[in-house]
Amino acid sequence: MRAIPISKLKCKAWPPFSLSRSCSHMASVAEPPPSTLVDEFTKFCYQRDLPRAMTAMEAMQRRGLWADSLVYSELVKCCLARRAVQQGKLVHKHVFSNGYRPKTFLTNIFINMYVKFGLLEEAQSLFDEMPERNVVSWTTMISAYSNAKLNHKALESLVLMLREDAMPNSFTYSSVLRACDGLWYLKQLHCSIIKVGLESDVFVRSALIDVYSKLGELHNALGIFNEMVTGDLVVWNSIIGAFAQNSDGDEALNLFKRMKGAGFAAEEATLTSVLRACTVLALLELGRQVHVHAVKYGQDLILNNALLDMYCKCGSLEDANSVFTRMVEKDVISWSTMIAGLAQNGFSQEALRLFEQMKVSGTKPNYITILGVLFACSHAGLLEDGWYYFQNMKQLFGIDPGREHYGCVIDLLGRAGKVDEAARLIQEMECEPDAVTWRTLLGACRVHRNVDLAAYAAKKILKMDPDDAGTYILLSNIYANSQRWEDVAEVRKSMRARGVTKEPGCSWIEVDKQIHAFIMGDDSHPQIDEINRQLSLLVDRLMGMGYVPDTNFVLQDLEGEQREVSLLSHSEKLAIVFGIMSLSKGRTVRIRKNLRICGDCHIFAKLVAKMEERVIVIRDPIRYHHFQDGVCSCGDYW
DNA sequence: CTAGGGTTAG
C-alpha cells in the first residue's frame with residue numbers, strides 16, 4: 001500500500017496517527033483507500049446526505065481516520081437540520097475518541113449541538129471539561145440558560161466569564177439580556193453595554209427594548225428606540241410589540257405607521273403585534289384589514305392565533321370560527337383562545353363542545369384551557385360540570401388549580417346563587433386569595449344583594465389595594481341598591497378621604513376607520529348636540545315601553561330629575577346612539593369601554609337592541625355583552 | 001461555532 005500524504009487526505013494532523021500503521025492490518029478489508037473514504041465523507045457532508053455521511057464516517061472510524069473540523073461542523077449542521085440526535089452523539093463520540101481533545105472551535109460546535117437538541121447537561125459537561133473556553137463557548141452556554149429560563153445561571157456565567165478574562169461581545173449581551181428579570185440587573189448590564197460601546201448594535205438594541213418593555217419600562221424602551229440611527233426590521237418589531245403587549249394599542253399603531261413611512265415592510269411578527277393592538281383597542285375593521293395582509297403568511301401559527309384572538313375579543317365569533325376551521329396546524333393556544341373566546345362571548349355550549357373536540361384531537365389542555373372551560377361552565381350555569389372539572393382537573397389533565405381557577409368557580413357558585421359557598425371556598429383555597437379573588441366574590445354579592453358579605457369582601461380588597469376606585473364604586477352601588485344611603489355616604493366619604501378618584505368613564509366606537517371616543521363630561525365630539533338630541537328622543541320612546549332609569553347607579557349627590565340626567569351622560573349611551581346614527585341598518589354596533597357597564601346602561605342597551613333591531617356588543621374590561629332582541633349574552637350576571 | 005422581534009388568562 002502506498003502512503004498518502006496527509007495534506008491530500010483533508011485530515012487534520014490530530015490525533016497524531018500513522019496511516020501506514022492504521023491501514024496495514026486492514027489491507028484485506030474491502031473498503032476504498034483512505035483518500036477516497038475521506039473525500040466521500042466530505043462530499044456527503046456538503047451534500048447534507050446524512051445516512052451516507054454516517055456510513056462513510058463509520059468506515060473512517062474503522063481505519064482511525066479523522067476529517068477536517070470544518071467537515072465535522074458540516075455534519076453536525078446536517079444532524080441539527082434533521083434533528084438526528086443519535087447521529088449527532090455518534091459524531092461527537094467519533095471525534096472525541098482515542099482520548100483526543102479537539103480544539104475550542106470544534107468543541108463549541110458540539111456544545112451548541114447539544115444545546116439545540118435540548119440536552120443541556122451534555123452541553124454543560126463538555127463545557128466544564130474543555131481546557132480553553134472562548135467568548136463563543138460562554139455565549140453558547142449563556143444563551144442556553146436564557147432560553148431555559150435559568151436566569152440566575154445566565155447572569156452568573158457572565159460574571160464567571162469576566163473573571164476568566166473573556167470579553168463579552170454583542171452576541172453575549174443580547175443573550176444575557178433576556179435573562180434579566182429585575183430592573184436592577186438590567187440597569188447594570190445596560191451601563192456595561194454603553195461602556196463597551198455596544199449599545200448601537202441592532203441585536204443588543206432590540207434585546208434592550210424587549211427587556212425594558214417586559215419589565216414595564218416603556219419609557220426607557222422608547223428612548224433606546226429613538227436613539228437608533230440605522231433601522232432594522234426587528235428593532236421596529238420590538239418596539240411595536242412592546243407597546244402592543246403593554247396594552248398601549250394607540251402607540252403601537254402609531255409606530256407601525258412610522259415604520260411603514262420609514263420604508264419597512266411588515267412581516268409575521270409585525271402583523272402579530274399590530275393584531276394585538278387591534279385586539280386591545282377592539283378595532284374590528286382595522287383587524288380585518290390586517291387579516292388581508294396576513295393571508296400572505298397563511299400558515300404561520302402564531303399569526304393565526306393572534307387573528308383568532310383578535311376576532312374573539314372584537315366579538316366576531318363568525319370570523320374567528322372561519323379562521324379556526326381553516327387553520328391546518330393548531331396548538332394549545334389556538335384551542336384555548338377559541339374556547340375562551342366562545343365562552344366569553346356567551347357561546348358556552350359551543351365552547352364545551354370544542355373542548356371535547358380538542359381532547360379527541362390529542363392536544364393536551366393546559367392551565368389556561370381549563371380556565372376557559374370553567375368560565376364556559378360558569379357562564380352557562382353548569383354548576384355540576386364546572387365543579388366536576390374543577391375537582392378533577394389535577395387527575396384528568398395534570399393541572400393544579402390556581403387562583404384563576406378558584407376565581408372561575410367562585411363566579412360559578414356566585415352565579416348559581418351560592419354566595420356563601422363561594423366565600424367558604426375562598427377560606428379553603430390552597431393558594432393565597434388575592435384582590436382579584438375577593439373582587440369576584442364582591443361581584444357575586446352585587447348580583448345577589450348580599451350586602452354584608454359584600455362589605456366584608458370590599459374590606460379585604462381595600463386592605464390589599466386601598467386605591468381601587470372600582471371597589472368603592474361597586475360597594476357604593478350595592479348599598480344604593482339596598483337603599484342604604486348612609487352607607488353610601490360613608491363609602492364616598494372614605495373615598496374622598498383617601499383621595500381616590502373614579503377614572504372617567506370612556507367608550508370607544510370605530511366608524512369608517514375612525515375611532516370615536518366618548519368621555520364622561522367631555523362634549524368635544526363634533527356631533528355631540530345631535531347625539532344628545534337623538535338620545536333624549538330614544539329615551540322618551542323607551543320610557544313609553546316601560547323603561548325606568550335606574551338612578552341607583554348615580555354616584556354624585558344629585559336630586560330627582562338631575563339624577564336621571566346624569567345617567568344620560570354615561571359614555572356608552574352616547575356611543576350606542578352615535579353607532580346607530582352612523583352605521584347603516586343591520587350592522588352591529590361594537591363598543592369598548594374602560595369601566596364596567598352599569599346596570600342602567602345594561603337595561604338601556606337591551607331595550608335599544610330590541611327596539612332598533614340591532615345587535616349591540618359592548619366589551620367592558622372583564623366581560624362581553626352581546627345585546628340582541630332584548631337579552632344579553634351575559635345572562636344579566638356580571 | 002455564539003445573539004434580537006410575535007400567540008391564550010390575569
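Throughout, protein chains are lettered first and strands after them, A, B, ... in sequence-line order, and every chain is numbered starting at 1.
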**Report entry** N/O donor-acceptor pair, side chain A:Ser174 with base B:dG4, under 3.5 angstrom
**Finding:** no

Query raised in the report: Heavy atoms under 4.0 Å, any strand shown: does A:Val235 hit a base, just sugar-phosphate, or nothing?
Result: base

**Report entry** Distance in angstrom units between A:Met310 CE and B:dT8 P, rounded
**Finding:** 13 Å

Query raised in the report: Can we say A:Glu356 and A:Arg353 salt-bridge, meaning some charged N sits less than 4.0 Å from an Asp/Glu carboxylate O?
Result: no

Report task. Have a look at A:Lys77 and say if it touches a base, only the backbone sugar-phosphate, or nothing, with a 4.0 Å heavy-atom cut-off. Result -> nothing

Requested in this report: Can you figure out which of B:dT7, B:dA3, B:dC1 approaches the side chain of A:Ser175 most closely?
Outcome: B:dA3

Query raised in the report: Do A:Glu432 and A:Arg403 sit within salt-bridge range, that is, some charged N less than 4.0 Å from a carboxylate O?
Result: no

Report task. Measure from CG on A:Leu308 to P on B:dA9 and round the result to the nearest Å. Result -> 12 Å

Requested in this report: Scan A:Ser206 against the nucleic acid and name what it touches under 4.0 Å (heavy atoms): base, sugar-phosphate only, or nothing.
Outcome: base

Report task. Go through the N and O atoms of the side chain of A:Asp232 and the base of B:dG4, and report whether any donor-acceptor pair is under 3.5 Å. Result -> yes

Requested in this report: Give a yes-or-no answer on whether the side chains of A:Asp411 and A:Ser378 include a donor-acceptor pair shorter than 3.5 Å.
Outcome: yes

Query raised in the report: Between A:Asp620 and A:Lys593, is there a side-chain N and carboxylate O pair less than 4.0 Å apart?
Result: no

Query - N/O (side chain, A:Lys330) to phosphate O (OP1/OP2, B:dT7) under 4.0 Å - result: no

Requested in this report: Remember a base hit wins even if backbone is also touched, and classify A:Ser73 as base, sugar-phosphate or nothing at under 4.0 Å, heavy atoms.
Outcome: nothing

Query raised in the report: Does the separation of the ring centres of A:Phe355 and A:Phe397 fall below 6.0 angstrom?
Result: yes

Query raised in the report: In whole angstroms, how far is the P atom of B:dA9 from the CD1 atom of A:Ile399?
Result: 16 Å

Query - Residue A:Phe105, side-chain atoms from C-beta onward, closest of B:dT2, B:dC1, B:dT8 - result: B:dC1

Query raised in the report: Just checking A:Glu267: base, sugar-phosphate only, or nothing, at a heavy-atom cut-off of under 4.0 Å?
Result: base

Report task. Would you kindly check whether a donor in the side chain of A:Asp300 faces an acceptor in the base of B:dG6, or vice versa, at under 3.5 angstrom? Result -> yes

